[in-house]
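In what follows, every heavy atom counts, from backbone to side chain, and hydrogens, waters and symmetry copies are set aside. Quick caveat: nothing in here was measured; it's all calculated off a predicted structure.
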Amino acid sequence: MFSFWENINTKERSNNQLGGQKNTNTDNNNNNYNNNNNKGESVNNSENNNTKKGNNNINNNNNNNNNNNNNNNNNNNNNNNNNNNNNNKMSNTLTTERNITNSPTAAQLNEKESGKKEEEWIVGVLTVSDRVSQGIAIDQSGPEIVAIIKNQLKQMMGGDNCSINVITVYKVISDEIEHIQQMITQWTHLKYKLILTTGGTGFTPRDVTPEAIKPLLNRRTKGIEIAMLKTSLDITPHAMLSRPIAGIRDQTLIITLPGSVKAIRENLSVVLPAIPHAIGLINSKPKSSLPESHRSKDYIKNSPIDSNLIVNENNENSQNNNQHQHQHQHHHHHSCGGSGKRGSSYNMTPVDEAIKIILEQCDNINNELEKVEITKSLGRILGEDILSVEAFPNFRASIKDGYAIRSKDGIGKYRLLGDSVAGNSGENLIPPTTNNSNSNDDAEKYCVRITTGAKIPDGYDSVVMIEETEMIGENMVSIEVSCKPGQDIREIGSDIASGTIVLNKGDKIGCAEIGLLATLGIQWVHCPKLPSISIISTGDELTDYQTKSDSMKSGIIRDSNSPTLATILQEISNHFGECCSRDNINLVGIIPDKLENLRDTLLDCSKKSDIIITSGGVSMGHLDLVKPLLEKIGTVHFGRVNMKPGKPLTFSTITTDHNNNNNNSNNNNNNEEKKKKTTLVFSLPGNPVSTVVTFYLFVVPALRKLGGFGIKNQGSQLNLPCVEVKLLDRIQLDHERPEYHRCTIEWDFQEHCFVSKSTGSQASCRLLSLKQANALLVLPQKHGHLEKGSMVKAILIGPIN
């Protein structure tokens, strides 16, 4: 029998190399490896103490002193009347700390020296459990599978003589069909050779793993399903309550395992020997199925998976620490013991609190006013009140086409003195003075024909519209109605008096405002200076979006985030007001995952820009360098946000010294004065959808505040506008985080409300979910669904159709 620790020859792939997935079995467990070896020695001592009574059981908790007991079953601790109690102790032997090391074996070192190239088999292990994903329970089942794969799969293919490296990727997700399908789809797209799921195959309403997997399979492999069921049924009739699924999607073999560690061992003991051969056939590589590749088959076939080689470091009380061991008949929600999962040092910050922190830091930006010509001020925010320096209109003007008369002359015949049209001064049209006091004498009544907007000549105080007059001869007009003084006349300053505040500080400048400013002769206005922005994409896997396909190496993708962010800045200004300097957007380009390169770029941009926007490098992989770098050169205000998508979003500030010459004429020394410059740094996740969604939610409010939005209404205009919409779809909710669901909304004239249509799968890597989207549905953190017809809030990110 080979030792578990003597035959580890697998490697863990980094998060960046494997589609953003993390393997939690990392180097931080190396110390446990040595500790566990010591424990193994103590186990051997206990065996020696028991050999007098013929007890060969190698279980750590074996206290049985019955004579001639040769039972090697992993779960048999006792054959006396206290068997049940000892079985409870046995559950503690199932590991809570996985002692898995990344240290290379001698064979790997020899291979490295010889330059021998190895084939890689990536195995995905997916734990499906609400409780584990929420942190309520610690996963024991997933790490158990990882340990078995690392220990025995390589051995079946010839051990150190095999040129295949087995790489394990481990992930925990909740019991949601959509989440399961997204992960399986992503892994099969990355050409994983094998995917093993654990949990969700029981009878409870939340056991949906088979329902999630079935639609994805191209071919079912019912032989594997039958073999697993038969093996377990030979041990316990409760195995009939399991619903295993196995099959092939593209070039990947997918097998669903129960949530019980005991059942996992039973199932893998029968299917694991056939897996190398199956993978070879699926991938059309007959060589991988040759007999010499499977020398360890017989051992596995004739013996259960050797779980005795995995040691529990905890005592009986560990069972009370949110660790729930499956019985075979139980559903998966009673999972799980522990693996050394790495977690972020940052707490999950609520969205509203994160926005508040960002807006508070905006106050540290030196945001002065700048002078803007009015024809270039569309969409800008006024930084000061605008006063009229003159009255408008600045002359008495006619409201209608008609005749200007003296109201005291009343009804009668009038002599026409001339015309006053728009643009004329109205001179030489003043009525002659007379000493005759009889106002009914036609010889003394004079009028001037006038057009709308024309100046009223001096001496006239009212206008009769042309419809109430009649021409009765050459230059003679009959006025058929009486008029009041001031009738149909716009007096000087009747629209805008001199010294009136016509526009207020904080007003958004639109077309009408520009027309008003032009009317008053105002050519320039002062507005808050728009922030300058640097955009950086990070990642060794990126190339410029203009790169041709035939020039791209394998594993390289085009950078879509930089051009997306650059154009979204312009789009947001078009739709919701100018909030950034279009002439001062610095597209830095792609920076590789090198600490020095990133450091130099961030420090250089912090001196030139008010805002830096990075994408990528903020997750948990060893090449995610942005967050730890910002901790050294700046201040990180939060490192995770409670939302989906976009959880790794990080916000920080970098403060630098700037020297400004003091040119005050009263100071002859021209001393240099040091001033602090603060730069806001938004580190967005690398997935394109996460990048865009977090931009709308967090970057836009900062841009709008720096651009002056909210001056008038104390910040109420900083976020993008929201409307209430009726759902046209049944939408799955996420019980772990609030979700921002991409959708298209429009006005329904029959329903008399806005209605929303989902853009489909909401995977954070799926750019198509942003296509035609003009809103984000704000979905609560909750179990279950929102039914069709429900009313929810939606954040507008584009114009409504």
K356 vs D352, salt bridge (Lys or Arg N to Asp or Glu O under 4.0 Å): CA-CA, chis, key distance, verdict: CA-CA 6 Å; K356 181 181 178 182; D352 291 342; over 6 Å; no
Mark yes or no for whether [X], through its side chain, and [Y], through its backbone, hold a donor-acceptor pair below 3.5 Å.
{"X": "Q762", "Y": "G760", "answer": "yes"}
{"X": "K712", "Y": "N504", "answer": "no"}
{"X": "T691", "Y": "P685", "answer": "yes"}
{"X": "T500", "Y": "I496", "answer": "no"}
{"X": "N687", "Y": "V689", "answer": "no"}
{"X": "S388", "Y": "S498", "answer": "no"}
{"X": "D385", "Y": "K505", "answer": "yes"}
{"X": "T635", "Y": "T653", "answer": "no"}
{"X": "D507", "Y": "L503", "answer": "no"}
{"X": "T679", "Y": "S609", "answer": "yes"}

Taking atom [atom1] of [X] and atom [atom2] of [Y], what is their separation to the nearest 0.5 Å?
{"X": "Q732", "Y": "E178", "atom1": "CD", "atom2": "CD", "value": "6.5 Å"}
{"X": "S790", "Y": "I731", "atom1": "OG", "atom2": "CD1", "value": "8.5 Å"}
{"X": "H637", "Y": "Y346", "atom1": "NE2", "atom2": "OH", "value": "10.5 Å"}
{"X": "L776", "Y": "Y740", "atom1": "CG", "atom2": "OH", "value": "9.0 Å"}
{"X": "D610", "Y": "I533", "atom1": "CG", "atom2": "CD1", "value": "8.5 Å"}
{"X": "L378", "Y": "I509", "atom1": "CG", "atom2": "CD1", "value": "8.5 Å"}

Side chains of T543 and T547, donor plus acceptor under 3.5 Å: yes
Distance-only polar pair, side chains of S133 and E736, donor-acceptor under 3.5 Å: yes
Worked verdict on S756 versus L777 for side chain to side chain contact (heavy atoms under 4.5 Å, CB included): CA-CA 8 Å; S756 73; L777 296 177; 3.8 Å; yes
Verdict with supporting geometry, M348 and M643, side chain to side chain contact (heavy atoms under 4.5 Å, CB included): CA-CA 9 Å; M348 291 271 258; M643 64 175 292; over 6 Å; no
Inter- and intrachain pairs under ring pair (Phe, Tyr, Trp, His ring centres under 6.0 Å), touching residues 359-390, at least two apart: none
Tell me the closest heavy-atom pair linking [X] and [Y], and the distance in Å.
{"X": "F576", "Y": "R704", "answer": "O-NH1, 3.0 Å"}
{"X": "T349", "Y": "A354", "answer": "CG2-N, 3.7 Å"}
{"X": "C579", "Y": "F709", "answer": "CB-CE1, 4.4 Å"}
{"X": "P645", "Y": "T694", "answer": "O-CG2, 4.3 Å"}

Non-neighbouring partners of T655 that pass side chain to side chain contact (heavy atoms under 4.5 Å, CB included), sequence neighbours left out: K676, T678
Test side chain to side chain contact (heavy atoms under 4.5 Å, CB included) applied to L720 and V700, step by step: CA-CA 8 Å; L720 292 175; V700 168; 3.8 Å; yes
Side chain to side chain contact (heavy atoms under 4.5 Å, CB included) between K508 and E513, worked out: CA-CA 8 Å; K508 179 183 173 184; E513 286 74 16; over 6 Å; no
Qualifying residue, where the test is side chain to side chain contact (heavy atoms under 4.5 Å, CB included) with C605 and the options are D600, I536, I654: I536
Qualifying residue, where the test is side chain to side chain contact (heavy atoms under 4.5 Å, CB included) with H526 and the options are E368, E370, K371: K371
F651/F682 aromatic ring centres below 6.0 Å: yes
Over 12 non-hydrogen atoms of neighbours within 6.0 angstrom of NE2 in H189: no
Verdict with supporting geometry, T601 and D604, side chain to side chain donor-acceptor pair (under 3.5 Å): CA-CA 5 Å; T601 302; D604 182 60; over 6 Å; no
